[in-house]
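A, B, ... follow the sequence lines: proteins, then strands. Residue 1 opens every chain.
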Amino acid sequence: MDRKELEKRFVTARRELILRDFQGLNDMQQRAVMATEGPLLLLAGAGSGKTTVLINRVANLIRFGRASDSEELPEGAGEAELAVLEKAVRETGELSPEVEALCALDPVEPWRICAITFTNKAADELKSRLEARLGPGAQDIWAMTFHSACVRILRRSGEAMGLPSSFTIYDASDSAAVMKRVLKELNMDEKTFPPKVVLSAISRAKDNMLSAEDFAAQAEKGWDPRNKQIAKAYIEYSRRLLAADALDFDDLILFTVRLLRDYPEVRERWQRQFQYVLVDEYQDTSKIQYKLAAYLAGGRGNICVVGDDDQSIYRFRGATIENILGFEKLYKNARVIKLEQNYRSTGHILGAANSVIKNNLGRKGKNLWTSAGDGEKLTLHIAENDDEEAAFVAGKIVEGVSSGMRWGDFAVLYRMNAQSNRLEYAFKRMSIPYRVVGGTRFFDRMEIKDVTSYLCAVQNPADDLRLLRIINNPPRGIGETTLERLRAISATERRPLLDVAADAALYPELKAAAGKLMKFLELIMELRTLSESMPLPEFYDALLDKTGYLAALGDSDEALARRDNIMELKSNIVNYAAGAESPSLAGFLDEIALYTDLDSMEAGENSVVMMTIHSAKGLEFPSVFLVGMEDGIFPSSRTIGDEEEMEEERRLCYVALTRAKRSLTLTAARRRMLFGRTSSNLISRFVEEIPEEHIDKPADAVRQGLRYEPDPEYMDYALRERQFERREARGAYREHLSPNDARRPGPIRSASGVARPGPSRPPVGKTPAAKASPALLELRPGDAIRHKAFGQGTVTDVKTMPGDALVTVDFGGTQKRLMLRAAGAFITKL
DNA sequence: ATCATAACGCTTTTT
DNA sequence: GCGTTATGAT
């Protein structure tokens, strides 16, 4: 046998044996798993088994190295070895160690694989699935978010650029707090320079790798005078973060990219380490994140990016779809694999999603298909108002549970967090177990911020921001005047506040407060010593005690809830201490700085989840309710009139629709309370884009006033307003309009008002109570009832209130409190 | 220094 | 409509 022939047969046999590990995958998925070398763009539609592919790809790398994608033979392979392989091909069962060794080509050590995801949730899922597949060795894989990967790199190598490894991370609210101070001190008007706007300008600058000085230089040359002001704020903001040894979220990425760009030895060290780099959700990466990925993968050039251009929904914060659209241009030898078979949803759901997204121009083009059958059609429900919309959703879920589904099978998705309120009330009235993801995050709560500020202050003596938060909390008689003087000295001497406080006795103006300041200083010092000698959880208890924070809370209902949260934080600490290799205060603070509420959502929990569509990305649910399908809400009023933003909104809709596995219900309300006023909106244009073959709509929808055609008058108005804002954004001066003039006048309201029948409209608020039997109103303690979802129970208490009653029912040990008007429709008296 | 009331502005979306 | 912040009174 000549060498050529041997090589060919060897490679073929090897591929076949390797493929045995990936039998459950379809052709395209297998190709993606086997193509380990060089740049690879994986266009993975929603529900196409993308994570499965990632897991298997990593498994392949660890077991077989680059063998599946190489023509190369292992050292010393000859006819004897070929015979062994070909024999193994004919046999079934596990590969023998000998065969496995022959199949492998430089198996990859786990820590040489870097799999970057976008959210902690995705990273955690990846980690746990990798561990399930590969065992404990999987823990060494760098499966984490951009931000946490950067933290790790900076902690290890940041010293090279003069960054102390003990740096602190500022989250968005910390950044905002710093910025507010800065703006105040620079006498910048909060109206013309809202902190948010300034921060996002800085964020954009950082995405373009512009330092404060670069930005200032550019502002000098630019035409927008506001940028000069913003540049000043940027400079001062940076100065403060530097003084506090703090990095904000954007800095984490920016500093890492600078580090890798400017320090060759550091760059080489990491490029040597990461032989394979995977980036998930590539469509959501920003310019600088793309640079980061390119640097990390710069050693071997093995970069695999996974994404779906149709699911790009973070353009607003710098994500650029160019990264995915331009991948092939950038990496000339890139391979592209498309995953279009959907394993998640039934036919009507996919059909609806496809017909919505095809209205977008400028996409790679992709059509999801399924072999799962058509399934149920979508339904559109039009409610009288937002309360009724919420009640409808709650009712449908109760019915679903009564027919055998679990609470956890349902998700309610909305465009903005503010929409969750109404739903929560409805769910509470019916005692439906639910969970709101996102919104006010756990770590944004006041008491949690306070306690973590103590932790930060103990860990980082230069962290003035956190110090200011706690120095007089609980009250220690250190008032505003003392702080003002402290701040003045700290600013002129460029020393941290705590340093200045330590020398309080030396400054005449601080004499009066010196005693109190010393006492506080001693407290912090004592805590610092304790933090070094005690296990973390015990230290936490000691901190709560010594600072007197817990004691100062009191025992009102509110304080009780706060205590609960503080204890919840303790369980976080205990968890962390148990799981981490070498737990430390610094490590814990890193963990929570990058943590969001999303991460605490446990998969097994049996309750309905409510969240924004953005939060729902990457998740799936048997039954999904998509509420508020109205123009002005979804699509958001801010996007109407801007084609690019509308396309992003449409992608958001695509994401929403593709979350559903089997059942998908859309709802809209004729009238709803929004921003404190009642408004009526047209039905969402996205609903219009779903053909009748996929969706059941109420036949009278049009006659009853929710129209499908965009109102030309309104469109015109929205467009003009939009253009005005854009012109303003470009720097044209504001013609002083009073805020009321900027408000939308009549068009919206009058437009829908015309279409709505006037006085002869059916009565509003046909609540489910209308269906409740009169016997229910006579319920008394001791009565037996049956509830559609909860089953049989005994009434233990009845509190009547005007037009309604709150009944407490014992369902075999669990107490539920039900509002009769809302829950009555699901109760029968036995 | 702490509490109460008034005023404001906010509603896109997250690390 | 709600939650946060500014202001003023005690």
Which comes earlier along DNA chain B counting from the 5' end, the contact point of A/E648 or that of A/I478, where each point is its nearest nucleotide? A/I478
For A/G477 and A/H147, find the nucleotide of DNA chain B closest to each by heavy atoms; which residue's nucleotide sits nearer the 5' end? A/G477
Between [N] atom [atom2] and [X] atom [atom1], what is the distance in whole Å?
X: A/R659; N: B/dT13; atom1: CZ; atom2: P; answer: 18 Å
X: A/D248; N: B/dT14; atom1: CG; atom2: P; answer: 18 Å
X: A/F255; N: B/dT15; atom1: CZ; atom2: P; answer: 22 Å
X: A/E424; N: C/dC2; atom1: CD; atom2: P; answer: 12 Å
X: A/E649; N: B/dT13; atom1: CD; atom2: C1'; answer: 9 Å
X: A/F249; N: B/dT15; atom1: CZ; atom2: C1'; answer: 5 Å
X: A/L254; N: B/dT15; atom1: CG; atom2: C1'; answer: 15 Å
X: A/F146; N: B/dT15; atom1: CZ; atom2: C1'; answer: 11 Å

So, do A/F316 and B/dT13 meet the stacking rule of ring centres under 5.5 Å and planes under 30°? yes
Any salt bridge linking [X] with [Y]? Criterion: basic side-chain nitrogen under 4.0 Å from a carboxylate oxygen.
X: A/D310; Y: A/R650; value: no
X: A/D590; Y: A/R155; value: yes
X: A/K617; Y: A/E281; value: yes
X: A/D171; Y: A/K449; value: yes

Give a yes/no answer on whether the side chain of A/T612 brings an N or O atom under 4.0 Å of OP1 or OP2 in B/dT14. yes
Contact under 4.0 Å: A/S615 side-chain N or O vs B/dT14 OP1/OP2: yes
Quick one: closest heavy-atom pair of A/S312 and A/Q283, and the distance? CA-CG, 3.5 Å
Nearest to side-chain heavy atoms of [X], which nucleotide of [options]:
X: A/P475; options: B/dT2, B/dT13, B/dT15; result: B/dT2
X: A/K180; options: C/dT5, C/dC2, B/dT15; result: C/dT5
X: A/N417; options: B/dT15, B/dT13, C/dC2; result: B/dT13
X: A/T119; options: C/dG1, B/dT15, B/dT13; result: B/dT15
X: A/N472; options: B/dT14, B/dA1, C/dA6; result: B/dA1

Give [X] one of three labels, base, sugar-phosphate or nothing, depending on what nucleic acid heavy atoms sit under 4.0 Å from its own.
X: A/K617; value: nothing
X: A/Y314; value: sugar-phosphate
X: A/F634; value: nothing

Evaluate the ring planes of A/W142 and A/W270, with Trp represented by its six-membered ring, and classify them as parallel (under 30°), tilted (30 to 60°) or perpendicular (over 60°). perpendicular
